[in-house]
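From a predicted model like this one, the values you see are computed outputs, not experimental measurements.
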Amino acid sequence: MAEKFEEAEARLFGDIYICRKCNARNRTNSPEEASCRKCGYSGLRPKNSELAG
Ligand SMILES: [Zn+2]
């Protein structure tokens, strides 16, 4: 599944960002410029900060 592959990549590279709107994972090196590939929302947060949620 592509989903699992993404999670594995997140562990490897750590450049996964979560959409604040729909919680989709987005892989990017520049979250400031990127927007969610699913809904287009530009509010992305680092996956590493997920603990607070
Ligand atoms: Zn989204």
Seminar exercise, completed: Between Cys22 and Cys36, the two heavy atoms sitting closest are SG-SG, 3.7 Å

Problem set entry | Side-chain donor or acceptor of Arg37 paired with backbone N/O of Arg25 under 3.5 Å | yes

For this session: Rounded to the nearest 0.5 Å, what's the gap from CG on Asn26 to CZ on Arg45? Could you check?
Result: 11.0 Å

For this session: Please report the shortest heavy-atom distance between Ile18 and Lys47, naming the atom on each side.
Result: CG1-CA, 4.0 Å

Exercise. To the nearest 0.5 Å, what is the distance between CG (Asp15) and OG1 (Thr28)?
Worked result: 7.5 Å

